[in-house]
Amino acid sequence: MNNQILSARLTLTKVALPDWELISSIYSTPTLMEHIGATMSDEDIRRNFEKELAPWSLESNHWLTWIIRETDSGSDVGLISICTRNRETLTAEVGFIILDGFKGKGYATESIRRVFDFAVDTFGFKKFTAVCSEEHAASRRVLEKAGMKLDKIVPESTEIAGKMVNDCFYTLEK
């Protein structure tokens with residue numbers, strides 16, 4: 001599998017050992033985790049990171065994660081991941097986190113579109129899903145710009161920061 005994916009402005013590189021500090025920073029920053037869940041302990045971040053370093057295939061239960069970087073500057077933009085959700089229908093879930101200084105530039109949409117194309121071409125995925133909280137309007141816009149359609153909103157589906165939130169479930173068929 002190719003460890004690097006290129007788009008018009010971005011380079012997506014499979015997460016590797018040197019990315020530990022970035023990953024640790026993302027999952028321990030309250031503003032970045034605000035719509036995802038609680039910040040994670042160092043131990044939990046390390047455990048997830050080690051899983052993501054492992055080789056990945058359609059049979060894997062862990063996420064395949066890429067670091068998103070601006071191609072021109074090399075600056076870290078965030079991360080994007082996919083995880084197989086249904087092997088029979090070749091369905092993958094996508095998730096992403098964009099660092100505060102890079103939001104609003106279209107990087108998330110560009111990354112998602114490119115990862116979808118890569119996942120179809122490389123693994124044969126036919127369907128993609130995503131979940132985000134109803135109140136996270138920016139993520140909802142990104143998913144819709146990437147071509148995903150809102151299937152349903154499930155009231156009080158997930159607890160984030162001690163509050164039950166409505167989850168929006170999105171899909172895209174390729």
Side-chain angles (χ1 to χ4, degrees), residues 5-13 15 22-23 25-40 44-45 48 52 61-71 75-86 89-123 125-174:
I5 304 170
L6 301 175
S7 69
R9 302 175 294 162
L10 304 170
T11 301
L12 284 61
T13 307
V15 70
L22 174 64
I23 295 292
S25 171
I26 288 172
Y27 287 108
S28 61
T29 301
T31 56
L32 294 176
M33 297 300 290
E34 175 181 16
H35 296 286
I36 298 169
T39 56
M40 298 169 65
D44 288 342
I45 296 168
N48 286 341
E52 291 174 354
N61 292 320
H62 63 277
W63 291 83
L64 171 56
T65 299
W66 295 271
I67 303 300
I68 305 166
R69 293 185 175 93
E70 287 180 322
T71 300
S75 296
D76 294 330
V77 170
L79 59 84
I80 185 165
S81 305
I82 60 170
C83 186
T84 304
R85 289 299 181 220
N86 186 316
T89 60
L90 290 172
T91 301
E93 182 177 350
V94 65
F96 60 94
I97 298 173
I98 302 297
L99 299 174
D100 289 333
F102 296 93
K103 293 178 180 177
K105 297 182 178 195
Y107 289 158
T109 304
E110 184 175 328
S111 297
I112 290 171
R113 287 178 177 156
R114 188 62 190 95
V115 163
F116 285 168
D117 290 344
F118 173 83
V120 167
D121 295 344
T122 305
F123 302 111
F125 282 113
K126 306 223 181 293
K127 184 177 181 179
F128 296 92
T129 64
V131 181
C132 72
S133 65
E134 184 177 24
E135 64 187 26
H136 198 318
S139 284
R140 294 183 66 190
R141 277 192 307 276
V142 164
L143 296 173
E144 290 165 5
K145 284 181 185 177
M148 300 191 88
K149 303 292 182 222
L150 177 64
D151 286 333
K152 64 183 172 182
I153 299 174
V154 178
E156 299 186 357
S157 178
T158 302
E159 184 178 335
I160 298 178
K163 175 184 162 196
M164 294 304 292
V165 299
N166 301 342
D167 278 337
C168 296
F169 289 81
Y170 285 86
T171 58
L172 172 70
E173 298 209 25
K174 287 287 200 171

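Residue numbers count from 1 along this sequence.
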Review point. If every non-hydrogen atom of N166 is compared with every non-hydrogen atom of P155, which pair is closest and at what distance?
Key: OD1-CA, 3.2 Å

Practice item. Start with the C-alpha distance between F125 and K174, add both sets of side-chain angles, then the distance that settles side-chain contact (heavy atoms from CB on, under 4.5 Å), and finish with yes or no. Key: CA-CA 8 Å; F125 282 113; K174 287 287 200 171; over 6 Å; no

Review point. Is a side-chain donor or acceptor of T71 paired with a backbone partner of T11 at a separation under 3.5 angstrom?
Key: yes

Study note, to complete from the structure: All heavy atoms of A146 vs all of L172, minimum pair found to be O-CD2, 4.1 Å

Check your understanding: Could you state the interatomic distance from OG1 (T129) to CG (D151), rounded to the nearest 0.5 Å?
Key -> 9.5 Å

Review point. What heavy-atom pair brings M40 and N48 nearest, and what distance separates the two atoms?
Key: CE-ND2, 2.8 Å

**Study point:** Note, F128 side chain near V120 side chain (heavy atom, < 4.5 Å)
**Key:** yes

Check your understanding: Would L22 and L79 count as a side-chain contact (heavy atoms from CB on, under 4.5 Å) if you check the C-alpha gap in whole Å, the side-chain angles of each, and the deciding distance to 0.1 Å?
Key -> CA-CA 9 Å; L22 174 64; L79 59 84; over 6 Å; no

Exercise for review: Could you tell me the separation between the NZ atom of K127 and the CG atom of N86, rounded to the nearest 0.5 Å?
Suggested key: 8.5 Å

Practice item. Check whether any side-chain N or O of R140 sits under 3.5 Å from a backbone N or O of C132 as a donor-acceptor pair, and report yes or no. Key: no

Revision key, fill the gap. Interatomic distance, CD1@I97 vs NZ@K103, rounded to 0.5 Å, equals 9.0 Å

Check your understanding: Considering only heavy atoms from C-beta outward, does the side chain of I36 approach that of I160 to under 4.5 Å?
Key -> no

Exercise for review: First locate atom CZ of R69, then atom OG of S111, and finally report the distance between them rounded to the nearest 0.5 Å.
Suggested key: 12.0 Å

Point to revise | Residues T29, T39; criterion side-chain contact (heavy atoms from CB on, under 4.5 Å); working and verdict | key: CA-CA 6 Å; T29 301; T39 56; 5.9 Å; no

Study note, to complete from the structure: Heavy-atom nearest pair, E70 first then Y107, reads OE2-OH, 2.6 Å

Exercise for review: Please report the shortest heavy-atom distance between E93 and W63, naming the atom on each side.
Suggested key: O-CZ3, 3.5 Å

Exercise for review: Keeping the roles fixed (side chain from E110, backbone from R9), state whether a donor-acceptor pair exists under 3.5 Å.
Suggested key: yes

Review point. If you take all heavy atoms of E52 and H62, which pair is closest and at what distance?
Key: CA-CD2, 4.0 Å

Point to revise | Exam field: side chain R113 to backbone G147, donor-acceptor pair closer than 3.5 Å | key: no

Study note, to complete from the structure: Those residues at least two apart in sequence (or on a different chain) that pass side-chain hydrogen bond (donor to acceptor under 3.5 Å, both in side chains) with T84 are none

Exercise for review: Could you please spell out the steps behind the side-chain contact (heavy atoms from CB on, under 4.5 Å) verdict for W66 and I82?
Suggested key: CA-CA 9 Å; W66 295 271; I82 60 170; 4.1 Å; yes

Exercise for review: Calculate, to the nearest 0.5 Å, the distance between atoms NZ and CG belonging to K145 and L143 respectively.
Suggested key: 11.5 Å

Exercise for review: Taking the side chain as every heavy atom from C-beta outward, state whether F96 and V142 have any pair of such atoms under 4.5 Å apart.
Suggested key: yes

Check your understanding: Roughly how far apart are I67 CD1 and I26 CD1, rounded to 0.5 Å?
Key -> 6.0 Å

